[in-house]
Participant: 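Can you keep this structure in mind? I'll have questions shortly.
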Amino acid sequence: MLKTVAGLAGLAGALALAGAAPAAPAGSHPESPEQFLARTTRDLEVLQIEQAAATWTALTYITPDTQLLNARGNDRYLARLTQAVEESHRFDGRTLAPATARAFLKMRLNAAAPAPHDPAQRARMTTLAAALDARYGEGKYCPHGPPSCQNLDQLEAVLAHSRDYGELTEAWKGWHDIGAGMRGDYTEFVALANQGAREQGFQDLGAMWRSGYDMPPAQFEADTERLWQQVKPLYDSLHCYARAKLAAHYGADKVPPAGPIPAQLLGNMWAQQWNNLYADLLVPYPAAHVQTADAALKAQQWDARRMTESAQGFYTSLGFPPLPPTFWERSMLTRPRDREVVCHPSAWDMAPGDVRVKACLEPTAEDLATIYHELGHVYYFLSYAGQPLLFRDGANDGFHEAVGDAVNLSVTPAYLAARGLVPPAAGGHDALIDQQMSMALEKIAFLPFARFIDLWRWQVFSGQITPADYNARWWALSRQYQGIVPPVPRTEADFDPGAKFHIADNTPYIRYFLAFIVQFQFHKAMCAAAGFEGPLYACSVYGNPAAGARLHAMLAAGASQPWQDTLQKLTGTRDFDAGAILEYFQPLREWLAQENQGRQCGW
Ligand code: X8Z
Ligand code: ZN
């Protein structure tokens, strides 16, 4: 069961062994599938609560001891899940009620990293997983010895704000070099998790991951490619525009007019979202004064609590309840001064009624969006809490990631202005294009990144990419999809994938690609439920309980039915589709087509 979102996602594994299941006691009736599920999930729930506590502690207080306990917690959970999956095969070939069959499926797909059957190998795998997380959390760049070390927040701030080529390159390299130390552990981890997946009857771990979408894995692959082709022309024109502006600032020697863009220049450590370049380098019409919330958040000294209350206020305006008191008591919303933690934001479904967020919020527009995003997960947890354990999950993992983002699409300039976070919207063509640009740098720039990460990992798991070319193939995909290259030559002594949280943490990533498409479908449906008439980009469902009720109905279903059924209830359609995102960005698409005339696009 996926307990954390972007956390150690319920490491578990299983092996089907004939005769492994204990026979029913003599004279008793054999256990029904439903009785089996009830007994199994009772055990799993207890172990899951222990595992969540161990993992939470390990990621909010990194020490060798908490790492050990984290690995042990996962190990115990995995051992029981493995046994459960083995035993479940005694019902193979039986006609099962649909909900029962679905519960078995969810149980078999439960783990992001299924362990091998052998206890020693399982223990090794959980130890490696805990170590990779800790290494990521502790990562630092120490150019002149320990007192001058910079952690990820500090290095990310350089990427966001510096416009000095050399300084950017140094911060980029400083962080990415932390990956090298993970290469050996990651290689070994991949082999063990793959073994777990194979023992469970999957071709490899990538095939297992692709089996979680209520359609044949091959169709899922075709669907993601279809979506990418729908949005690629818009990405290409955004790349073309950004590259021209960057070349004007850094010089054509640094940003060649027809080539890929150096990764350190895009305002983000992974070049995955480019909105930090909006205000000074990429704003189309500076005179229109379309601002982000950054300045006001700082000037008004918003702290993490206030940012989180603001997000909560959005959800309660839709009719959701206030967060439980334990959320405020137990969450980690800022970076502690006295210990090492994994700051990457995540939401946690610890135990019934115990939901939390772990983040290191700073008063920035980016982090304000992050906390609205994380509360989307939290309200999903609270909404499906009444489901049986194996259905307490997103309709699919893309849905889980899309809820808070769909809400963020209602955080419009008008919404922010009403809260004193930006000046009142000016209106008019120029302001609209600025606003669209700001959104596109967040939403469109991300798509090829989210597309390629798991293409890399699927090929790693299938063996098409071997450790001997982990890094080269990572950058080949980045270049192909994003049109981005590393700022300095990289070799197989490096392991740049490890410098991205979701690789170190083994969190699947295609979920974000799906989420960035489907969140516009959610937004459109909620706007329709609210009776909004007008262009999609102008809609905010803030304060609209009718939209909230539709959202809640979707969240409450959890994973109890195929996601297509759940989507249909909200949107009337059964497919992921890029129509809504393209509709949202229609004004920018037209503007970019004009703006890029005479430029050579592509790389
Ligand atoms: O990891 C996250 C969330 C946690 S669920 C903050 N995101 C991806 C990332 O940071 O790489 C949100 C967008 C993409
Ligand atoms: Zn998330």
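It should be emphasised that the depicted structure is a prediction, and the values quoted were computed from it without experimental measurement. Counting starts at 1 for both ligands and their atoms, following the listed order.
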Participant: Determine whether the side chains of Ser310 and Tyr372 contain a donor N or O and an acceptor N or O closer than 3.5 Å.
Facilitator: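 Side chains of Ser310 and Tyr372: pair found under 3.5 Å.
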Participant: Assess Glu374: does it contribute an N, O or S atom lying under 2.8 Å from the Zn ion (ligand 2)?
Facilitator: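 So Glu374 does not count as coordinating the Zn ion (ligand 2).
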Participant: Could you list which atoms of ligand 1 come closer than 4.0 Å to a heavy atom of Glu374?
Facilitator: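 Under 4.0 Å from Glu374, ligand 1 has these atoms: 3 (C), 4 (C), 5 (S), 6 (C).
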Participant: Name the option, out of His400, Lys358, His344, that contains the heavy atom nearest to atom 2 (C) of ligand 1.
Facilitator: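 That would be His344.
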Participant: Could you tell me whether ligand 1 has any atom less than 4.0 Å away from a heavy atom of Ser346?
Facilitator: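 Under 4.0 Å: no for Ser346.
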Participant: As an exercise, identify every atom of ligand 1 less than 4.0 angstrom from a heavy atom of Gln272.
Facilitator: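 Listed by number with element, the hits are 9 (C), 10 (O), 11 (O).
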Participant: Under 4.0 Å from a heavy atom of Phe446: give me the atoms of ligand 1 that qualify, with their elements.
Facilitator: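 Per the distance check, 14 (C).
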Participant: If the cut-off is 4.0 Å to any non-hydrogen atom of Lys500, which atoms of ligand 1 fall inside it?
Facilitator: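 Per the distance check, 9 (C), 10 (O), 11 (O).
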Participant: For ligand 1, which atoms sit closer than 4.0 Å to a heavy atom of His377?
Facilitator: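 Listed by number with element, the hits are 5 (S).
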Participant: Can you tell me if, anywhere in His400, an N/O/S atom lies at a distance from the Zn ion (ligand 2) that is smaller than 2.8 Å?
Facilitator: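 No - counting backbone and side chain alike, His400 has no N, O or S atom under 2.8 Å.
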Participant: Report the C-alpha separation of Lys443 and Phe585 in whole Å, then their side-chain angles, then the decisive distance to 0.1 Å, and conclude whether the side-chain contact (heavy atoms from CB on, under 4.5 Å) test is met.
Facilitator: CA-CA 10 Å; Lys443 302 293 182 187; Phe585 284 112; 4.2 Å; yes
Participant: With the threshold set at under 4.0 angstrom, would you say His502 reaches ligand 1 through any of its heavy atoms?
Facilitator: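 Distance cut 4.0 Å: His502 passes for ligand 1.
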Participant: Before accepting this row, confirm whether a basic side-chain N of the pair Arg335/Asp153 lies closer than 4.0 Å to the acidic partner's carboxylate O.
Facilitator: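 Asp153 and Arg335: salt-bridged.
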Participant: Hey, is Tyr509 touching ligand 1 through its side chain, its backbone, both or neither, going by heavy atoms under 4.0 Å?
Facilitator: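 Side chain only.
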Participant: Give a yes or no on whether a salt bridge exists between Asp303 and Arg306, defined as a side-chain N under 4.0 angstrom from a carboxylate O.
Facilitator: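 Judged by the 4.0 Å cut-off on N to carboxylate O distance, Asp303 and Arg306 do not form a salt bridge.
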Participant: Look at Arg135 together with Asp133 and state whether they make a salt bridge at an N to O cut-off of under 4.0 Å.
Facilitator: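 Salt bridge flag = no for Asp133 with Arg135.
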Participant: List the steps and the verdict of salt bridge (Lys or Arg N to Asp or Glu O under 4.0 Å) for Lys173 and Asp494.
Facilitator: CA-CA 10 Å; Lys173 184 175 176 328; Asp494 304 305; over 6 Å; no
Participant: Could you tell me whether Glu362 and Lys298 make a salt bridge, using a distance below 4.0 angstrom between a side-chain N and a carboxylate O?
Facilitator: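 Salt bridge absent between Glu362 and Lys298.
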